[in-house]
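The sequence lines fix the lettering, A, B, ..., with proteins before strands; numbering per chain opens at 1.
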Amino acid sequence: MVLTAPKVQFQESDGVIRRVSHSRVVEKAPRPKTAIDDDEHGQKRLKLGREKWRSVASSAVIIGFVVLVAAALVPNSATSAKLEPMFWPSIRVTGSGQNWGVFSPEPLQTEVRLFAVVYFEDGSSSHWEPPTDNVFDSSRAERWRKWESRVRKDRSSAHWPIASQYIANEFADDSRAVARVRLIRSWTQIPRPPEPNSDRQVNQYQFYEWDNLSSTGSELTQDDQQPIEYSS
Amino acid sequence: MTSLCVSAIKAVSRAWERFWFAPVSAFNFATYRTGLGLLTFIWFVTLLADFDAFFGAGSLALEPKPGAGWFNIFHWLESDVFLQFGLLLGFAASGTLLFGKLTRVGGPVLAVLLPSIMTENLILWNAGDDLLQTMCLLFGFYCLLTPSSDLDTPLQLRRTSGISPSLEKGRGWFFQLIKMQMAIVYFVAFIEKVPGDAWRNGTASMIVARSETLERFYTPSLMETNYLIGNISTWTTLALEATLPLLLWKRTTRPYAIAAGVVFHVAIDWTLTIGLFSWIMILGLLAFLPSGTDTWLRSLERRPWPEPVSPI
């Protein structure tokens with residue numbers, strides 16, 4: 001709807017021409033396109049195009065994520081064994097492994113700690129254990145707990161030389177040179193109710209020894225166990 | 001037959017559009033973005049104390065297996081200087097989300113940084129870290145596909161009344177994915193617990209309370225010994241994990257389900273040393289906030305405090 005110029009009508013009467021109306025008339029007439037209109041139209045089309053592209057790309061992300069989650073949720077079976085090599089790298093990178101079975105099917109049965117005895121060249125020895133006294137920084141204690149619980153397992157033997165070297169380096173400032181590092185796992189069974197929580201038997205096993213002078217390590221057996229004593 | 005197929009496809013397309021691309025409240029989005037920024041910032045802070053112990057040369061990190069580092073930027077930038085630079089970048093990127101400035105840059109940076117750092121030492125992380133990684137990755141994609149004007153929406157309660165403003169239509173898919181993920185977390189946690197004897201006979205929470213390595217703040221010894229308290233807390237855990245996936249989706253029960261979930265996770269965080277897990281779960285619950293939350297909060301703010309009653 002656009003307003004046009006005033007439309008004036010005239011009438012001849014007695015040889016005299018008189019104006020009989022003078023009013024604004026509204027007409028439905030298309031306004032000729034201007035450069036501004038073309039620009040606005042183009043902007044709208046561009047925006048619509050962008051939104052469409054966004055919608056398609058968002059749908060692709062949604063489908064991709066849903067497929068990964070579905071693949072991760074397939075129960076252990078021949079199908080999951082086939083799917084694993086295909087999807088596992090992407091599942092790991094996206095953190096979509098869906099391992100939410102916290103404390104399941106049973107809560108903790110055993111509490112495990114890892115510590116080390118460091119032997120110096122002068123015959124003295126010392127003790128190392130991960131920091132655990134962080135009540136307020138819960139994340140720090142949790143990460144060391146995760147590290148302990150995973151490193152102590154036999155299938156994590158690749159971590160043992162690295163852990164031993166790290167522990168040896170922790171004593172680098174000491175005036176004494178580190179000769180050997182012995183890794184020890186200790187564990188207790190959590191008593192089930194109604195047994196009292198105080199009745200705990202602590203077990204220990206020395207599972208790895210690192211020779212810091214020759215930079216070699218060896219797994220320990222039952223015969224290699226020796227009394228644990230620290231001189232400092 | 002063809003027209004039937006066409007109408008079926010159109011119906012599916014409409015349903016897809018309705019579910020994934022529903023409008024999302026600007027206030028809810030800003031709340032979630034700020035929460036994600038705050039949690040990632042804290043996550044980076046918690047790495048500081050043991051950064052040298054867990055990452056880089058001479059640390060406890062195992063050399064990644066070949067092929068394991070394809071998404072790890074530090075696999076390509078081998079010097080430890082880049083790791084430290086990555087940590088600084090992490091703080092900056094978290095800040096962009098926290099303050100709602102340059103979110104479009106910060107979001108994708110976090111999406112790349114978190115998996116990269118986590119790949120550097122694979123044996124440190126718990127379920128909370130995995131969930132945070134997923135949230136950051138999805139948010140990174142969301143940032144790439146959403147204009148800055150929406151991403152940088154300020155977190156504030158409007159002073160004027162009326163309908164709560166929404167982000168532009170089509171921006172709801174990120175929240176829908178987070179909601180789906182949260183429902184799966186609870187559902188899987190419940191399903192995996194069901195076969196456990198201790199969960200069924202109601203003593204599981206008593207056993208967890210006895211753990212010395214997980215113990216955090218003070219909990220009464222009754223938690224370890226009293227069967228009534230033990231049974232209630234064990235079966236409440238199971239009941240919440242079984243029902244929250246449904247109650248959180250249903251509009252009428254949603255506010256109560258969110259409140260129950262928050263109390264549940266705060267209680268877990270008080271009792272157990274599990275890092276940021278509880279707070280990341282609470283952040284996930286924020287994705288379920290109803291669209292009128294800001295209006296409700298505003299009405300609370302305006303409600304006059306009751307006048308003190310004179311004793312005479």
Here the gap from Arg192(A) atom CZ to Met206(B) atom CE, rounded to the nearest 0.5 Å, amounts to 11.5 Å
For the side chain of Glu111(A) and the backbone of Ser211(B), is there at least one donor-acceptor N/O pair under 3.5 Å apart? no
So, the part of Tyr227(B) with a heavy atom under 4.5 Å from chain A: the answer is side chain
Cut-off 4.5 Å, heavy atoms of chain A, and the answer for Met135(B) is neither
Honestly, the part of Leu137(B) sitting under 4.5 Å from a heavy atom of chain A is side chain
Turns out that what part of Ser59(B) lies under 4.5 Å from chain A's heavy atoms comes down to backbone
When the 4.5 angstrom heavy-atom criterion is applied to Gln165(A) and chain B, the contacting part is neither
**Request:** Return yes if some donor-acceptor pair links the side-chain N/O of Glu192(B) with the main-chain N/O of Trp100(A) below 3.5 Å, else return no.
**Result:** no
Worksheet item: More than 12 heavy atoms of other residues, nucleotides or ligands under 6.0 Å from CZ of Phe87(A): is that the case?
Response: yes
Distance col, row Leu124(B):CG vs Glu142(A):CD, nearest 0.5 angstrom, shows 10.5 Å
If one checks every heavy atom of Leu138(B) against chain A at 4.5 Å, the contacting part turns out to be side chain
So, the part of Arg150(A) with a heavy atom under 4.5 Å from chain B: the answer is side chain
Here the gap from Glu195(A) atom CD to Thr225(B) atom OG1, rounded to the nearest 0.5 Å, amounts to 14.0 Å
Phe74(B) meets the ring-ring contact (aromatic ring centres under 6.0 Å, His included) criterion, sequence neighbours left out, with none
Assert top hit (heavy-atom pairs under 4.5 Å, partner chain A, pool Val185(B), Thr46(B), Leu144(B), Val188(B)) equals Val185(B)
If one checks every heavy atom of Ile190(A) against chain B at 4.5 Å, the contacting part turns out to be side chain
The interface call for Ile167(A) against chain B, heavy-atom contacts under 4.5 Å, is neither
For Pro107(A), is there any backbone N or O sitting under 3.5 Å from a side-chain donor or acceptor partner on Lys193(B)? no
The interface call for Glu212(B) against chain A, heavy-atom contacts under 4.5 Å, is both
Got Ile207(B) and Leu108(A) here, is their nearest side-chain heavy-atom distance under 4.5 Å? no
Within a strict 4.5 Å, meaning less than it, do heavy atoms of the Asn126(B) and Arg145(A) side chains meet?
-> no
Here the gap from Trp16(B) atom CH2 to Ser59(A) atom OG, rounded to the nearest 0.5 Å, amounts to 5.5 Å
If one checks every heavy atom of Arg200(B) against chain A at 4.5 Å, the contacting part turns out to be neither
When the 4.5 angstrom heavy-atom criterion is applied to Phe65(A) and chain B, the contacting part is side chain
For residues 201-212 of chain A against chain B, heavy atoms under 4.5 Å, the residues are none
If one checks every heavy atom of Pro194(A) against chain B at 4.5 Å, the contacting part turns out to be both
* So with a 6.0 Å cut-off around CZ of Phe187(B), is the heavy-atom count from everything else above 12? -> no
Do the ring centers of Phe54(B) and Trp144(A) come within less than 6.0 Å of each other? yes
One should read off an interatomic distance between Asp50(B) CG and Arg140(A) CZ, to the nearest 0.5 angstrom, of 4.0 Å
Okay, Leu114(B) and chain A: the region with an atom under 4.5 Å from a heavy atom over there is neither
Okay, Ala53(B) and chain A: the region with an atom under 4.5 Å from a heavy atom over there is both
To the nearest 0.5 Å, atom CH2 of Trp125(B) lies from atom OG of Ser139(A) at 9.5 Å
